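Notes follow once the structure below has been shown.
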Amino acid sequence: WNDSLTQEHFEIKSALDKGDVEIFGMTAGHDTIDRIEGHREWINYAIQNNPNVKIFIAIPQIDFPADWEQRAQEYGFSSIQELYDYFVNDIVHNEMVDQLRIEFPSTKIFTIPTGWASVNLDQMNIDNKLLDQISRFGPNATSLFVDDKGHQGDIIIETGSLLWLKSIYNVDLSTNTYETGFNTDLHEIANNIYSNHDTEYNN
């Protein structure tokens, strides 16, 4: 929201100005002082011409996967799973979404915890439970992450995309026939993430 002079900012506003937007999504990234400042401004703008728009907040993974365990310990948790669960539920849900729902009581607001795709696939790789030859870091096609920051490889992107299909469009992943290109059942992984997500924050 604060990058008000960028082309992307104008493109988003232009799309919202047309008044035919059904779903508007944002990331959970936030300012440390006011966690929902940008989200509040975008929702206010969106509902002017799209009063029935649904809002979702995608909850990304925590950056720098190589440092996950250290980061978890710094915050007093024993694993990245515990830290990410805290991020999803205590920070995004309790401190952001709940507050936005108070401010916009007539607007549907839900979340998509895409970061679980990274966390779960990484743990499955550690436990040798993937049915594909996947490295932790490396090329897109054969790795979980392509750089130190944690930009995702294809297997995580495919899983996250399936989670979006389920979360936004309620696609039945148990019968969906989309070919992911991987032997590992990414449909099941995405479906499990959705099923384990707090139903109060599903679409």
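Everything numeric in this text was worked out from a predicted model, so none of it was measured.
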Return each pair, listed once, that meets salt bridge (charged side-chain N to carboxylate O under 4.0 Å, His left out) where at least one residue sits in [range]; pairs must be two or more places apart or across chains.
range: residues 119-145; value: Asp122-Arg136
range: residues 184-203; value: none
range: residues 107-116; value: none

Checking [X] now: which residues fulfil side-chain contact (heavy atoms from CB on, under 4.5 Å) with it, not counting sequence neighbours?
X: Thr6; value: Asp3, Glu8, His9
X: Ile43; value: Met26, Ile47, Ile55, Leu100, Phe104, Ile109
X: Ser167; value: Ile112, Leu163, Tyr194
X: Glu103; value: Ile36, Arg40, Gln99

### side-chain hydrogen bond (donor to acceptor under 3.5 Å, both in side chains) between Ser118 and Gln61, intermediate numbers included
CA-CA 7 Å; Ser118 300; Gln61 69 182 41; 2.4 Å; yes
Taking the side chain as C-beta and beyond, is there a heavy-atom pair between [X] and [Y] under 4.5 Å?
X: His93; Y: Val88; result: yes
X: Ile12; Y: Trp42; result: yes
X: Ile91; Y: Arg35; result: yes

What's the spacing between [X] [atom1] and [Y] [atom2] if we round to 0.5 Å?
X: Asp172; Y: Lys166; atom1: CG; atom2: NZ; result: 5.5 Å
X: Ser135; Y: Asn125; atom1: OG; atom2: CG; result: 8.0 Å
X: Thr114; Y: Ile57; atom1: OG1; atom2: CD1; result: 12.0 Å
X: Leu131; Y: Asn128; atom1: CG; atom2: CG; result: 11.0 Å
X: Gln7; Y: Ser14; atom1: CD; atom2: OG; result: 9.5 Å

### Flag for Glu69-Gln73: side-chain donor and acceptor within less than 3.5 Å
no
#### Entry: Distance-only donor-acceptor check, side chains Asn196 and Asn192, under 3.5 Å
no
Suppose the criterion is ring-ring contact (aromatic ring centres under 6.0 Å, His included): which pairs have a residue in [range], not counting sequence neighbours?
range: residues 146-168; result: Phe56-Trp164
range: residues 169-188; result: none
range: residues 120-147; result: Trp68-Phe145, Phe137-Phe145

### Query
So does Glu74 have more than 12 non-hydrogen atoms from other groups sitting under 6.0 Å from CD?
yes
### Query
Should we say atom CD of Glu11 is surrounded by more than 12 heavy atoms from elsewhere, each under 6.0 Å from it?
yes
For [X] against [Y], the heavy-atom pair lying closest together:
X: Ile155; Y: Ser143; result: CG2-O, 4.0 Å
X: Val146; Y: Pro139; result: CG1-C, 4.2 Å
X: Leu162; Y: Ala190; result: CB-CB, 3.8 Å
X: Leu16; Y: Asn50; result: O-ND2, 2.9 Å
X: Ile156; Y: Leu144; result: CD1-O, 3.2 Å
X: Ala46; Y: Val53; result: CB-CG1, 4.4 Å

### Query
Given the side-chain rings of Tyr75 and Tyr86, with only the six-membered ring counted for Trp, is the space between their centroids under 6.0 Å?
no
### Message
One pair to check against side-chain hydrogen bond (donor to acceptor under 3.5 Å, both in side chains): Tyr45 and Asp17. What are the steps and the verdict?
### Response
CA-CA 9 Å; Tyr45 193 91; Asp17 288 344; 2.7 Å; yes
### Step-by-step side chain to side chain contact (heavy atoms under 4.5 Å, CB included) determination, Ile80 to Arg71
CA-CA 8 Å; Ile80 185 61; Arg71 182 78 64 85; 5.8 Å; no
### Task
Show your reasoning for whether side chain to side chain contact (heavy atoms under 4.5 Å, CB included) applies to Phe110 and His197.
CA-CA 11 Å; Phe110 64 101; His197 193 48; over 6 Å; no
### Message
Among residues at least two apart in sequence or on other chains, which ones pass salt bridge (Lys or Arg N to Asp or Glu O under 4.0 Å) with Glu37?
### Response
none
Among the clusters formed by ILVMFWY side chains lying less than 4.5 Å apart, do [X] and [Y] turn up in the same one?
X: Val171; Y: Ile23; answer: yes
X: Val21; Y: Trp1; answer: yes
X: Ile168; Y: Leu186; answer: yes

### Task
Step by step, work out the side chain to side chain contact (heavy atoms under 4.5 Å, CB included) result for Ile189 and Leu121.
CA-CA 8 Å; Ile189 294 170; Leu121 285 165; 3.6 Å; yes
### Task
Using ring pair (Phe, Tyr, Trp, His ring centres under 6.0 Å) as the criterion, list what pairs up with Tyr84, not counting sequence neighbours.
Trp116
### Query
Can any side-chain N or O of Asn49 pair as donor or acceptor with the backbone N or O of Lys18 at less than 3.5 Å?
no
### Query
Is there a donor-acceptor contact under 3.5 Å from the side chain of Asn140 to the main chain of Asp154?
no
### Message
Between Met96 and Thr111, does the side chain to side chain contact (heavy atoms under 4.5 Å, CB included) criterion hold? Intermediate values first, please.
### Response
CA-CA 11 Å; Met96 296 174 67; Thr111 59; over 6 Å; no
